[in-house]
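Numbers here are sequence positions counted from 1. Quick note: numbers below take in every heavy atom, side chains included, and nothing from hydrogens, waters or symmetry partners.
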Amino acid sequence: DTELIHFIGKDNIVFHCLIFPAVLMKHGDFVLPVDVPANEFLNLEGNKLSTSRNYAVWLDEYLEKFDPDSLRYCLAQNFPETKDSDFSWLDFQARHNNELADIIGNFVNRTLTFAQKNFDGKIPAAGDYDALDEQLIENLKTAPARIGNFIDRYQMRQALKEFMDLARFANKYFNDQQPWATLKTDREKCATTINLCLQTVRSLSVLMRPVLPFTAEKIQQQLKISDQALIYEWDNSGECLLPEGHSFGKPQILFKKLEDAPIQAEIKALKKALNGGNEEETETQPTVSFEDFKKLDLRVAEILHAERVPKTDKLLKLQIKIGKEQRTIVAGIAEHHEPESLPGKRVVVVANLEPAKIRGIESNGMLLAARDEENLWLLSPGDDCASGAKIS
């Protein structure tokens with residue numbers, strides 16, 4: 001009596017829709033998947049993630065600096081449901097500041113702070129409802145079904161849109177009802193407004209739980225809610241169930257604005273990883289004179305033999321021939337090129353580089369290569385070019 005759902009990437013559709021169900025059917029004792037939501041790929045700052053090159057957002061490092069729900073929210077908003085999507089730190093900062101802090105955090109804090117100051121930290125009694133009150137109540141009542149239907153169809157982005165639209169309407173409701181003014185002119189109307197705002201805070205805390213569970217917990221602690229039905233039950237989350245006179249706790253800021261400095265530090269770290277450890281990805285080095293450039297002796301070389309340097313993962317020991325001269329070069333290309341694939345290849349080397357000892361091996365020269373976040377290409381003029389030919 002259970003349902004099995006397989007959440008997968010688009011490159012695993014055939015296995016999870018055909019092969020694996022067939023294996024389960026053959027065995028006979030397992031529930032078959034009733035749905036296979038297959039999503040596209042998520043990129044990072046416009047490039048593919050690469051854990052081997054440290055081009056990634058590591059969760060343990062993230063949690064030392066930022067709120068867990070901020071990442072959950074940003075990933076859910078960027079869910080690659082129908083096409084590849086991209087995570088960027090600037091988008092993360094904007095969503096945290098402009099949506100979580102300015103919409104959710106602002107509404108919850110202004111409601112609790114106003115009620116704490118003017119109604120002794122208790123939920124005031126609601127009086128007669130006007131048209132705007134009725135509209136808020138209707139939006140709350142229909143929200144669980146509207147949001148839940150999208151979640152049931154695995155459309156998290158649309159579910160979040162519905163949720164944020166409800167929060168935006170709640171902020172607008174607070175502004176339009178002007179409780180700071182009715183506090184002086186019509187206290188019963190003010191009490192009704194704040195009652196409904198507090199009911200909305202409770203509703204939002206339940207509806208946000210699938211994506212923002214830590215924030216939901218903070219809100220419910222501030223409201224001092226202990227009844228499990230008011231914390232978890234989805235179907236009644238749109239009802240006004242907080243009783244008159246219920247006391248709540250001291251308001252606390254849910255989301256502090258993110259400054260530019262920590263975000264720029266994360267961007268810089270990714271650029272460094274993308275560029276193989278260098279600080280900048282695209283900036284060129286300072287200019288040199290033509291006379292300085294002429295000092296480099298760039299030559300075509302033929303690789304005669306290649307083998308791994310013992311006790312290393314990245315280094316290969318290469319025997320090369322430049323014209324009639326044979327040399328040894330140590331190159332950090334083992335993660336991208338197998339030794340047996342290299343003999344016979346023509347490559348470009350810096351022939352007059354000062355010799356250096358690397359892992360006890362004297363290296364006489366340097367291979368030239370190009371790389372991106374995933375690959376490393378050895379520069380080659382083609383196999384027809386003669387060994388020893390000068391590059392100019």
Side-chain angles (χ1 to χ4, degrees), residues 69 98-144 146-147 160-209 212 215-227 229-234 236-255:
D69 276 352
N98 302 336
E99 297 172 25
L100 293 179
D102 286 349
I103 298 176
I104 301 296
N106 178 59
F107 175 71
V108 173
N109 187 259
R110 74 197 301 201
T111 296
L112 293 179
T113 299
F114 190 95
Q116 181 82 34
K117 179 180 179 182
N118 300 294
F119 293 96
D120 300 322
K122 297 180 181 179
I123 297 179
D128 295 332
Y129 295 143
D130 63 18
L132 192 55
D133 296 332
E134 296 285 0
Q135 187 176 355
L136 175 62
I137 292 171
E138 179 64 19
N139 285 350
L140 290 176
K141 285 183 177 180
T142 59
R146 286 186 286 110
I147 297 171
L160 268 185
K161 180 182 182 302
E162 292 288 337
F163 171 78
M164 292 304 296
D165 284 348
L166 177 61
R168 289 186 179 94
F169 181 85
N171 270 300
K172 184 177 185 301
Y173 169 84
F174 192 102
N175 291 336
D176 290 349
Q177 293 294 55
Q178 300 182 353
W180 58 89
T182 58
L183 181 67
K184 302 174 182 178
T185 61
D186 188 346
R187 188 171 178 85
E188 181 179 332
K189 179 175 177 59
C190 178
T192 301
T193 299
I194 297 304
N195 179 289
L196 290 180
C197 284
L198 288 166
Q199 304 290 352
T200 303
V201 169
R202 201 279 301 186
S203 295
L204 290 174
S205 74
V206 180
L207 296 171
M208 72 173 59
R209 188 172 281 275
L212 305 172
T215 306
E217 189 73 24
K218 291 177 184 177
I219 293 173
Q220 289 158 359
Q221 288 175 357
Q222 291 183 44
L223 289 175
K224 291 187 176 180
I225 300 175
S226 58
D227 186 341
L230 299 182
I231 294 175
Y232 293 111
E233 288 191 9
W234 186 270
N236 71 14
S237 60
E239 302 294 331
C240 298
L241 300 178
L242 291 178
E244 174 191 342
H246 174 82
S247 298
F248 53 87
K250 183 179 180 180
Q252 297 177 348
I253 300 296
L254 293 176
F255 298 100

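- Residues Asn175 and Arg110 bring a donor and an acceptor atom of their side chains to less than 3.5 Å of each other.
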* To do: Could you check Leu204 against Ile219 for side chain to side chain contact (heavy atoms under 4.5 Å, CB included), going step by step and ending with a plain yes or no?
  => CA-CA 9 Å; Leu204 290 174; Ile219 293 173; 5.7 Å; no
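- The closest donor-acceptor contact from the side chain of His246 to the backbone of Leu223 lies under 3.5 Å.
- Side-chain contact between Leu198 and Thr111 is present, with at least one heavy-atom pair separated by less than 4.5 Å.
- In this structure, CG in Asn139 is found 5.0 Å from CZ in Phe169, a value given to the nearest 0.5 Å.
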* To do: Decide salt bridge (charged side-chain N to carboxylate O under 4.0 Å, His left out) for Glu217 and Arg209; before the verdict, give the C-alpha distance in whole Å, the side-chain angles of both, and the deciding distance to 0.1 Å.
  => CA-CA 8 Å; Glu217 189 73 24; Arg209 188 172 281 275; 3.6 Å; yes
* Check against side chain to side chain contact (heavy atoms under 4.5 Å, CB included), Asp133 and Gln177 -> CA-CA 9 Å; Asp133 296 332; Gln177 293 294 55; 2.9 Å; yes
* **Test side chain to side chain contact (heavy atoms under 4.5 Å, CB included) applied to Phe255 and Asn106, step by step** => CA-CA 9 Å; Phe255 298 100; Asn106 178 59; over 6 Å; no
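- By the 30° and 60° cut-offs, the orientation of the rings of Phe114 relative to Phe119 is tilted.
- Note: Tyr173 OH to Ile137 CD1 = 7.5 Å, rounded to the nearest 0.5 Å.
- Although no hydrogens or angles enter the test, the distance criterion places no donor-acceptor pair under 3.5 Å between the side chain of Ser237 and the main chain of Ser203.
- For the pair Asn171 (side chain) and Arg168 (backbone), a donor-acceptor distance under 3.5 Å is absent.
- Atom CD of Gln252 and atom CD of Gln222 lie 5.0 Å apart (nearest 0.5 Å).
- The CZ atom of Arg202 lies 9.5 Å from the CD1 atom of Ile231; values are rounded to the nearest 0.5 Å.
- The backbone N or O of Lys122 sits nowhere less than 3.5 Å from a side-chain atom of Asp120 that would complete a donor-acceptor pair.
- For the pair Asn195 (side chain) and Ala125 (backbone), a donor-acceptor distance under 3.5 Å is absent.
- The CD1 atom of Ile104 sits 9.5 Å away from atom CD of Glu99, with the distance rounded to the nearest 0.5 Å.
- To the nearest 0.5 Å, atoms CG (Leu196) and CG (Leu242) are separated by 11.0 Å.
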